[in-house]
Amino acid sequence: MSAIARLPKTLPSRTYLSRTFSSSLPRKSDALFVHRDTSYNNPKIPFEFSEENLKRATEIISHYPPQYKKAAVIPLLDLGQRQNKGWTSISVMNRVAKLLEMPPMRVYEVATFYTMFNREPIGEHFVQVCTTTPCMLRGSTDILHTVCQHLGGIKPGETTKDRKFTVVEVECQGACSNAPMIVVGDDFYEDLTRETTAKILDAFAKGEKPKPGPQSGRHTSENSAGLTALTSKPYGPGQFCSPEFQ
């Protein structure tokens with residue numbers, strides 16, 4: 001009997017599951033991932049490391065085997081960004097690529113992947129407001145609103161008209177036990193309230209440098225109710241060991 005003859009006269013019907021397509025509303029990112037030449041950011045604008053930073057770059061590169069010196073791309077981009085007033089232009093990326101003998105595209109890939117590299121000019125004071133879960137539970141929404149309103153009603157990703165402040169909303173900065181918190185430049189300001197946040201911004205606006213760290217009076221991240229461990233004098237080496245080990 002042929003294979004065709006063995007087939008049933010009526011084939012069972014198939015049930016096709018319908019698949020719906022849905023999309024969520026897109027949210028505009030603060031970051032720039034695609035380069036477009038502008039009057040302030042194009043390859044014709046020269047960038048060279050300062051003498052001091054070039055020495056630092058050479059020292060950083062020396063930490064890696066010659067065949068793997070491209071691994072220094074992140075610290076060199078950071079060095080260039082700091083020299084370039086806090087943002088990474090196309091000229092900074094091209095200079096790093098030349099210094100590391102890398103295809104420029106490989107450097108662009110790094111600079112557009114990591115949010116630590118600012119692809120647009122920023123203000124004198126770069127304010128990063130953490131709004132991830134621990135900070136949110138401790139009132140980061142109020143802190144973000146306070147920052148934006150105190151700086152003239154700007155929105156996250158924007159810069160004040162006097163170019164003094166740029167505000168961005170970021171994810172975890174690693175200070176969860178001291179939430180809510182913000183980062184200004186390289187400094188952490190923690191245990192914030194609306195009032196202390198406003199005072200910090202006012203100090204920077206006056207050209208002052210507020211003391212970093214917790215703004216609540218505690219020194220690090222100890223329990224708000226006081227110390228619960230290490231409250232007595234530590235015992236000396238070998239104090240509780242067997243006599244033969246003392």
Side-chain angles (χ1 to χ4, degrees), residues 26-42 45 47 53 74-93 96 108 110-132 135-136 139-175 178-190 192-213 215:
R27 182 177 180 181
K28 186 178 180 181
S29 172
D30 297 336
L32 175 68
F33 297 101
V34 180
H35 174 76
R36 295 288 183 267
D37 281 355
T38 63
S39 59
Y40 59 86
N41 188 13
N42 64 76
I45 300 176
F47 174 84
N53 282 341
I74 290 180
L76 260 61
L77 281 172
D78 179 67
L79 191 65
Q81 174 168 276
R82 291 174 184 273
Q83 179 178 316
N84 199 45
K85 297 182 179 180
W87 70 289
T88 302
S89 67
I90 189 72
S91 298
V92 170
M93 291 187 282
V96 170
Y108 304 160
V110 174
T112 55
F113 180 82
Y114 292 100
T115 57
M116 65 180 283
F117 299 117
N118 302 311
R119 295 288 292 106
E120 284 287 293
I122 61 173
E124 180 182 350
H125 305 295
F126 187 47
V127 183
Q128 302 177 70
V129 184
C130 181
T131 58
T132 199
C135 281
M136 181 192 68
S140 65
T141 302
D142 288 340
I143 301 303
L144 179 62
H145 180 76
T146 298
V147 171
C148 291
Q149 292 303 310
H150 203 72
L151 296 178
I154 64 175
K155 298 178 181 179
E158 295 182 346
T159 302
T160 55
K161 293 180 180 180
D162 59 4
R163 309 297 301 177
K164 283 280 188 180
F165 295 91
T166 295
V167 179
V168 295
E169 183 180 356
V170 298
E171 290 303 315
C172 187
Q173 294 279 10
N178 291 42
M181 57 84 67
I182 64 175
V183 178
V184 183
D186 291 325
D187 294 316
F188 282 36
Y189 295 89
E190 308 153 347
L192 296 175
T193 63
R194 293 182 179 182
E195 292 74 22
T196 55
T197 301
K199 288 181 180 179
I200 291 169
L201 297 176
D202 287 340
F204 276 111
K206 296 176 184 177
E208 301 171 357
K209 176 67 178 296
K211 183 180 179 181
Q215 305 298 303

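Just so you know, these numbers use all the heavy atoms, side chains as well, and skip hydrogens, waters and symmetry mates.
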Point to revise | Nearest atoms (heavy-atom pairs only) where N42 meets T38 | key: ND2-O, 2.8 Å
Exercise for review: May I ask you to decide whether R82 forms a salt bridge with D78, counting only side-chain N to carboxylate O separations under 4.0 Å?
Suggested key: yes
Check your understanding: For V170 and T115, what are the C-alpha separation, side-chain angles and deciding distance, and is it a side chain to side chain contact (heavy atoms under 4.5 Å, CB included)?
Key -> CA-CA 9 Å; V170 298; T115 57; over 6 Å; no
Point to revise | Option passing side-chain contact (heavy atoms from CB on, under 4.5 Å) with P156 (candidates L144, V127, V129) | key: L144
Review point. Considering only heavy atoms from C-beta outward, does the side chain of T197 approach that of Y189 to under 4.5 Å?
Key: no
Point to revise | T196 side chain vs L192 backbone, donor-acceptor pair below 3.5 Å | key: no
Check your understanding: Within a strict 4.5 Å, meaning less than it, do heavy atoms of the L77 and M93 side chains meet?
Key -> yes
Revision key, fill the gap. CE of M116 to OG1 of T88, rounded to nearest 0.5 Å, is 8.0 Å
Exercise for review: Specify whether H125 and F204 have parallel, tilted or perpendicular ring planes, treating 30° as the upper limit for parallel and 60° as the lower limit for perpendicular.
Suggested key: tilted
**Study point:** Nearest atoms (heavy-atom pairs only) where G123 meets T166
**Key:** N-OG1, 2.6 Å
Check your understanding: Once you round to the nearest 0.5 Å, how far does OG1 of T159 lie from CZ of F126?
Key -> 8.5 Å
**Study point:** Trace of the side chain to side chain contact (heavy atoms under 4.5 Å, CB included) decision for R119 with H35
**Key:** CA-CA 9 Å; R119 295 288 292 106; H35 174 76; 3.7 Å; yes
Exercise for review: Look at the side chain of S91 and the backbone N and O of I45, then say whether any donor-acceptor pair between them is shorter than 3.5 Å.
Suggested key: yes
Check your understanding: How long is the span from the OG1 atom in T141 to the CD atom in E169, to the nearest 0.5 Å?
Key -> 8.0 Å
Review point. About how many Å separate CG of L79 and CG of N53, when rounded to the nearest 0.5 Å?
Key: 4.0 Å
Study note, to complete from the structure: Nearest heavy-atom contact between N118 and G86 is ND2-O, 2.9 Å
Revision key, fill the gap. Output for pair (K164 NZ, K206 NZ), nearest 0.5 Å, gives 13.0 Å
**Study point:** For N178, the option from Q173, Q215, E190 that meets side chain to side chain donor-acceptor pair (under 3.5 Å)
**Key:** E190
Practice item. Compare every heavy atom of A205 with every heavy atom of F165, then report the nearest pair and how far apart it is. Key: CZ-N, 3.8 Å
Point to revise | Minimum heavy-atom distance V110-F117, with the two atoms named | key: O-CD1, 4.1 Å
Practice item. Identify the two heavy atoms, one from T131 and one from S140, that lie closest to each other, and give their separation to 0.1 Å. Key: CA-OG, 3.5 Å
Exercise for review: Would you give the length of the straight line joining atom OG1 of T146 to atom CZ of R194, rounded to the nearest 0.5 angstrom?
Suggested key: 5.0 Å
Check your understanding: Would you find a donor on one side and an acceptor on the other, under 3.5 Å apart, between the side chain of N41 and the backbone of I90?
Key -> yes
Point to revise | Donor-acceptor contact below 3.5 Å, side chain S89 vs main chain V92 | key: yes
